[in-house]
Amino acid sequence: MNEDTSLVVGGSNGIGLAISSVLAEKGNVIIVDKSEPDYNLSSNISFCKFDLLSSDYSIFKQFENIKSLIITAGFGRLALFEDIEESEIIRQMTVNTIAPMRIINHFYGKIKSKNDFYCAVMVSISGFMSSPFFSTYGASKAALKIFIESLNTELTKSDTTNRILNVSPGSLKGTRFNNGKNNLNDTIPIAREIIKRMYEKEDLWIPQYEDIFKEVLERYHEDFRKEGIHSYEYKLNSGRVNL
């Protein structure tokens with residue numbers, strides 16, 4: 001494993017797959033995921049099978065020499081909370097929140113060191129506001145958002161320039177999230193932007209912020225109840241959910 005090796009957790013699909021492909025243009029990439037990618041990828045990419053629902057995370061001890069850590073694994077589905085089983089609540093919170101916290105904990109010594117280390121985590125705009133039909137997913141991402149913000153404050157007060165980039169998009173084309181399909185043509189451009197901002201050690205990027213989410217967040221902070229109702233009706237009228 002050389003100094004240019006990147007570890008992409010959740011790299012077999014969606015934005016993780018695109019990030020792996022871009023990083024492989026200049027260095028080695030290790031994808032950690034529960035299933036192998038369904039694309040023919042660069043010879044610079046290797047695969048390690050692992051399910052984030054596992055209780056034993058000792059597998060990450062073998063990746064001590066990586067220079068970049070990107071966590072993109074996560075899942076959710078649009079549904080009323082009453083239609084989500086307890087087992088799904090546990091799986092979502094484990095994969096979306098606890099798993100990234102455990103992985104970052106494993107590599108935190110490298111993140112906090114004086115040596116350059118690059119880290120990015122896919123969070124979600126759902127973690128910034130109430131999200132009806134996405135209550136469990138939004139809660140898992142809100143917890144992850146606060147975790148990353150807290151660590152970045154601690155890093156700022158310590159003797160390091162390293163930061164954890166919180167990438168918080170809305171829905172992305174070209175991913176399997178919410179029953180979509182992988183399409184690298186759609187995801188490669190955003191992957192390049194994520195990697196660029198990660199290497200610049202930014203701590204937050206919300207894609208389409210100026211075009212869409214600035215106004216949405218302003219409405220939310222002005223009246224979160226009213227914006228919650230608007231979000232509920234918007235999702236219902238979009239045809240993405242059924243009551």
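All residue numbers refer to positions in the sequence shown, counting from 1.
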(request) Measure across T72 and G10 and return the closest heavy-atom pair with its distance rounded to 0.1 Å. (result) OG1-O, 2.9 Å
(request) Could you tell me whether the side chains of K141 and S131 share a donor-acceptor contact shorter than 3.5 Å? (result) no
(request) With rounding to the nearest 0.5 Å, note down the distance linking CD1 in I19 to CD1 in I190. (result) 8.5 Å
(request) Take I104 and L151 through the test side chain to side chain contact (heavy atoms under 4.5 Å, CB included) and record every step on the way to the result. (result) CA-CA 10 Å; I104 288 172; L151 290 194; 3.8 Å; yes
(message) Using a 3.5 Å distance criterion without hydrogens, assess whether the side chain of D223 forms a donor-acceptor pair with backbone atoms of K226.
(response) yes
(request) May I ask you to decide if F117's main-chain N or O and N162's side chain share a donor-acceptor pair within less than 3.5 Å? (result) yes
(message) Any heavy-atom pair between the side chains of I84 and I89 that's under 4.5 Å?
(response) yes
(message) A side-chain contact here means heavy atoms from C-beta on lying under 4.5 Å apart; do I148 and V121 qualify?
(response) yes
(request) Kindly give the heavy-atom pair with the smallest separation between S54 and R102, and that separation in Å. (result) O-NH1, 3.8 Å
(message) A cation-pi test, strictly: NZ or CZ of K145 under 6.0 Å from the centre of the six-membered ring of F128 and no more than 45 degrees from its axis. Yes or no?
(response) yes
(message) Run the side chain to side chain contact (heavy atoms under 4.5 Å, CB included) test on E64 and H106 for me, step by step, so that the C-alpha distance in whole Å, both residues' side-chain angles and the decisive distance to 0.1 Å come before the verdict.
(response) CA-CA 9 Å; E64 292 298 331; H106 182 84; 3.1 Å; yes
(request) Start with the C-alpha distance between E149 and I146, add both sets of side-chain angles, then the distance that settles side chain to side chain contact (heavy atoms under 4.5 Å, CB included), and finish with yes or no. (result) CA-CA 5 Å; E149 289 176 355; I146 295 300; 3.6 Å; yes
(request) Check whether V9 and M93 end up in the same hydrophobic cluster, where Ile, Leu, Val, Met, Phe, Trp and Tyr are linked by side-chain heavy atoms less than 4.5 Å apart. (result) no
(message) Would you compute the distance between atom CG of D83 and atom CD of E88 and round it to the nearest 0.5 angstrom?
(response) 10.0 Å
(request) Output the distance between atom CD1 (I15) and atom CG (N13), rounded to the nearest 0.5 Å. (result) 12.0 Å
(message) When you compare the side chain of I188 with that of V22, does any pair of heavy atoms fall below 4.5 Å?
(response) yes
(request) Decide if atom CD of E200 counts as having more than 12 heavy atoms of other residues, nucleotides or ligands within a radius under 6.0 Å. (result) yes
(request) Identify the heavy atoms of I31 and G11 that sit nearest to each other, and give their distance. (result) CD1-O, 3.3 Å
(request) For residues I125 and G170, report the shortest heavy-atom separation together with the two atoms involved. (result) CG2-CA, 3.7 Å
(message) Are S6 and K67 packed together at the side-chain level, in the sense that at least one heavy-atom pair is separated by less than 4.5 angstrom?
(response) no
(request) Check whether any side-chain heavy atom of I70 lies under 4.5 Å from a side-chain heavy atom of M122, and answer yes or no. (result) no
(request) Following the transitive rule for hydrophobic clusters with a side-chain heavy-atom cut-off under 4.5 Å over Ile, Leu, Val, Met, Phe, Trp and Tyr, establish whether Y57 and V32 coincide in one cluster. (result) yes
(message) Strictly below 4.0 Å, N to O, side chains only: are D33 and K49 in salt-bridge contact?
(response) no
(message) Among L69, I30, L23, exactly one meets side chain to side chain contact (heavy atoms under 4.5 Å, CB included) together with V8. Which residue is that?
(response) L23
(request) For the pair T97 (side chain) and A143 (backbone), establish whether a donor and an acceptor sit closer than 3.5 Å, ignoring hydrogens and angles. (result) no
(request) Determine yes or no for a side-chain-to-main-chain donor-acceptor pair under 3.5 angstrom, with N44 supplying the side chain and A24 the backbone. (result) yes
(message) Does S58 form a side-chain hydrogen bond (donor to acceptor under 3.5 Å, both in side chains) with D56? I'd like the steps, not just the answer.
(response) CA-CA 6 Å; S58 60; D56 182 4; 2.8 Å; yes
(message) Ring-plane angle category for F60 and F63, please: parallel below 30°, perpendicular beyond 60°, tilted otherwise.
(response) perpendicular
(message) I'd like to know if the side chain of S135 reaches the main chain of F81, judged simply by a donor and an acceptor atom lying under 3.5 Å from each other, with no hydrogens or angles considered.
(response) no
(message) Any carboxylate oxygen within less than 4.0 angstrom of a Lys/Arg side-chain nitrogen, looking at R91 and E86?
(response) no
(message) If hydrophobic clusters are built from ILVMFWY residues whose side chains come within less than 4.5 Å, do I195 and L17 share one?
(response) yes
(request) Find out whether L53 and V95 are in side-chain contact, i.e. whether some heavy atom of one side chain is under 4.5 Å from a heavy atom of the other. (result) yes
(request) Report yes if the side chains of K235 and L78 come closer than 4.5 Å at any heavy-atom pair, otherwise no. (result) yes
(request) Compare every heavy atom of S20 with every heavy atom of I45, then report the nearest pair and how far apart it is. (result) CD1-O, 3.7 Å
(request) Check whether more than 12 heavy atoms from other residues, nucleotides or ligands sit under 6.0 Å from atom OH of Y234, and answer yes or no. (result) no
(request) Check the pair S68 / M198 against side chain to side chain contact (heavy atoms under 4.5 Å, CB included), numbers first and verdict last. (result) CA-CA 9 Å; S68 303; M198 178 182 73; 4.2 Å; yes
(request) State plainly whether one hydrophobic cluster holds both V123 and F107, where clusters connect Ile, Leu, Val, Met, Phe, Trp and Tyr through side-chain heavy atoms under 4.5 angstrom apart. (result) yes
(request) Measure from the side-chain N and O atoms of S35 to the backbone N and O of S12, and report whether any donor-acceptor pair falls under 3.5 Å. (result) no
(message) Looking at every heavy atom in both I194 and A120, which two are closest together, and how far apart are they?
(response) CG2-CB, 4.4 Å
Donor-acceptor contacts, no H, no angles, side chain residues 202-216, under 3.5 Å, sequence neighbours left out:
| residue | atom | partner | partner atom | Å |
| --- | --- | --- | --- | --- |
| E202 | OE1 | R197 | NH1 | 3.0 |
| E215 | OE2 | R219 | NH1 | 3.4 |

(request) Taking the side chain as every heavy atom from C-beta outward, state whether E25 and R192 have any pair of such atoms under 4.5 Å apart. (result) yes
(request) Determine yes or no for a side-chain-to-main-chain donor-acceptor pair under 3.5 angstrom, with S140 supplying the side chain and Y137 the backbone. (result) yes
(request) Would you give the length of the straight line joining atom CG of L155 to atom CD1 of I164, rounded to the nearest 0.5 angstrom? (result) 6.0 Å
(message) Taking T156's backbone N and O only, do any of them form a donor-acceptor pair with T160's side chain (distance below 3.5 Å, no angle check)?
(response) no
(request) Rounded to the nearest 0.5 Å, what's the gap from CG on L165 to CG on N152? Could you check? (result) 9.0 Å
(message) Would the distance check show the side chain of Y220 and the main-chain N or O of G228 forming a donor-acceptor pair, the cut-off being under 3.5 Å?
(response) no
(request) Please say whether more than 12 non-hydrogen atoms of neighbouring residues, nucleotides or ligands are located less than 6.0 Å from NZ in K112. (result) no
(message) Given 3.5 Å as the limit, does a donor-acceptor pair link the side chain of R163 with the main chain of Y118, or not?
(response) no
(message) With a 4.5 Å cut-off on side-chain heavy-atom distances among I, L, V, M, F, W and Y, is there a chain of contacts connecting I98 to I103?
(response) no
